[in-house]
Amino acid sequence: MTLRVSYCDPSSAPEPWLEALRRHLPGACIEAWTDGAEPADYGVAWSPPQAFIDQQPQLKALFNVGAGVDKLMRLRLQPQLRVIRLDDAGMGVQMAEYVCHAVIGHFREFSAYAEQAATGVWLRRPARPRALSAVGVLGLGVLGTRVAQALRQFDYPVHGWSRTGRDVQGIRCFTGSAQLPAFLAASHALVCLLPLTPDTCGILGRANLTQLPKGAYLVNVARGDLVVEDDLLTLLDSGHLAGATLDVFRNEPLPGMHALWRHPKIRVTPHISAQTLRDESIAQIAGKIRALERGEPVAGIVDPQRGY
Ligand code: NDP
Ligand code: OXD
């Protein structure tokens, strides 16, 4: 019987994705999902409507065209449905370069040098000791681990925080809420790579951000809802935080009049720290569909209880 795959991403044109799926799964019937369409064996989707799930109760698996599954977790999913996330698929190296750029830019004071250069000021600022350049990475999963290892290449003291105990070479690992205060107190720069779940929503609010050392820097590349935006603005204005690089926001696109666009200590990018690469992603998804059809296990299956 012909394998049927249904693709759905209401935010982008389907043709290039359908073409990639057809190339990687020759012989399969690949179609863009429409309301009332014939149900498929596998779903490939980013932020689909509830009807996509409801009308295909027999899906063997649903592939998320991204690493973060928070949008899928908000839908009512059949209990037996396997949701499978992208496993790096070219995102890790992008995330590593983005975060290293932001952290190094802060520690080496490139914004201050740019301001000096704009008025022709030749002034050497004191070098920052490595001991005052510790980086904490919230989340030691696929992307957090890659980022932590990249930062270690610059000899920064790097530590990471996760829900369960992790062992990453060269990285001091902290675990669970009991160890969060010690982790935060040791972080001159804080990088957020946690998934958005009921446990992590709003985790970067006043209570936790004030535990960072004075003058700390925040990089959020995970999800906007992890940050309490008003608390962040208050702590930047009070000087407790030196600045922030934000790639993700509670409302995307970030509304034109939003205070985060205009704050002098904030750098905003439009959710591009690690973009989904079509060919790498579809190659990975097609490989997993073939493995599942052979009855083999695949990596990246989401645990609905954890929410990631
Ligand atoms: P993973 O699922 O591989 O890793 C998640 C990490 O967070 C794990 O180490 C996990 O702990 C930890 N974690 C989860 N919940 C908690 C908690 N309550 N307390 C402490 N630690 C917790 O995710 P990825 O590394 O692949 O991606 C991280 C996020 O990055 C995605 O969920 C997505 O939102 C975001 N993202 C953003 C992109 C962008 O362009 N801005 C692109 C891609 C992803 P444990 O190891 O114990 O399970
Ligand atoms: C993802 C994203 O989760 O693009 O992959 O944000």
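One-based numbering, in listed order, for ligands and for the atoms of each. The figures here come from the full heavy-atom set of this structure, side chains too, leaving out hydrogens, waters and symmetry mates. Just so you know, residue 1 is the first one in the sequence shown, and it goes up from there.
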Look at atom CG of D167 and say whether more than 12 heavy atoms of other residues, nucleotides or ligands are closer to it than 6.0 Å.
-> no
Heavy atom of the protein closest to atom 6 (O) of ligand 2 (residue, atom name, distance) | H271 NE2, 2.6 Å
R223 heavy atom under 4.0 Å from ligand 2 = yes
Would you mind checking if D54 and R76 are paired as a salt bridge, meaning a charged N to carboxylate O distance below 4.0 Å?
-> yes
Strictly under 6.0 Å, is that where the ring centroids of F107 and Y217 end up?
-> no
Protein contact to atom 5 (O) of ligand 2 [nearest heavy atom, distance to 0.1 Å] = A67 N, 2.6 Å
Note: D225-R250 ion pair, threshold 4.0 Å (strictly below) = yes
Under 4.0 Å from a heavy atom of M91: give me the atoms of ligand 2 that qualify, with their elements.
-> 5 (O)
Please determine if G68 has a nitrogen or oxygen closer than 3.5 Å to a nitrogen or oxygen of ligand 2.
-> yes
Between H159 and F174, does the ring centre distance come in under 6.0 Å?
-> yes
Extract all N/O-N/O pairs under 3.5 Å that connect ligand 1 to the protein, and present each with both atom names and the distance rounded to 0.1 Å.
from: ligand 1; atom 1: 2 (O); to: R85; atom 2: NH1; distance (Å): 3.3
from: ligand 1; atom 1: 3 (O); to: R85; atom 2: NH1; distance (Å): 2.8
from: ligand 1; atom 1: 3 (O); to: V142; atom 2: N; distance (Å): 2.9
from: ligand 1; atom 1: 9 (O); to: L140; atom 2: N; distance (Å): 2.8
from: ligand 1; atom 1: 9 (O); to: G141; atom 2: N; distance (Å): 3.1
from: ligand 1; atom 1: 11 (O); to: R163; atom 2: N; distance (Å): 3.2
from: ligand 1; atom 1: 11 (O); to: Y308; atom 2: OH; distance (Å): 3.4
from: ligand 1; atom 1: 21 (N); to: R163; atom 2: N; distance (Å): 3.0
from: ligand 1; atom 1: 23 (O); to: R85; atom 2: NH1; distance (Å): 3.4
from: ligand 1; atom 1: 25 (O); to: V142; atom 2: N; distance (Å): 3.3
from: ligand 1; atom 1: 25 (O); to: L143; atom 2: N; distance (Å): 2.8
from: ligand 1; atom 1: 26 (O); to: R85; atom 2: NH1; distance (Å): 3.0
from: ligand 1; atom 1: 26 (O); to: R85; atom 2: NH2; distance (Å): 2.7
from: ligand 1; atom 1: 34 (O); to: R223; atom 2: NH1; distance (Å): 3.2
from: ligand 1; atom 1: 40 (O); to: S273; atom 2: OG; distance (Å): 3.3
from: ligand 1; atom 1: 40 (O); to: A274; atom 2: N; distance (Å): 3.2
from: ligand 1; atom 1: 40 (O); to: A274; atom 2: O; distance (Å): 3.1
from: ligand 1; atom 1: 41 (N); to: V221; atom 2: O; distance (Å): 3.0
from: ligand 1; atom 1: 41 (N); to: D247; atom 2: OD2; distance (Å): 3.0
from: ligand 1; atom 1: 41 (N); to: S273; atom 2: OG; distance (Å): 2.9
from: ligand 1; atom 1: 46 (O); to: R166; atom 2: NE; distance (Å): 2.7
from: ligand 1; atom 1: 46 (O); to: R166; atom 2: NH2; distance (Å): 2.8
from: ligand 1; atom 1: 47 (O); to: R163; atom 2: N; distance (Å): 3.2
from: ligand 1; atom 1: 47 (O); to: T164; atom 2: N; distance (Å): 2.6
from: ligand 1; atom 1: 47 (O); to: T164; atom 2: OG1; distance (Å): 2.5
from: ligand 1; atom 1: 48 (O); to: Y308; atom 2: OH; distance (Å): 2.5

Could you tell me whether R290 and E296 make a salt bridge, using a distance below 4.0 angstrom between a side-chain N and a carboxylate O?
-> no
Report the part of Q275 (side chain from C-beta onward, or backbone N, CA, C, O) that has a heavy atom under 4.0 Å from ligand 2; answer both or neither where that applies.
-> neither
Under 3.5 Å donor-acceptor, R108 side chain and F110 backbone | no
Is it true that D87 and K288 make a salt bridge, defined as a side-chain N closer than 4.0 Å to a carboxylate O?
-> yes
Are the charged groups of R23 and D279 less than 4.0 angstrom apart, N to O?
-> yes
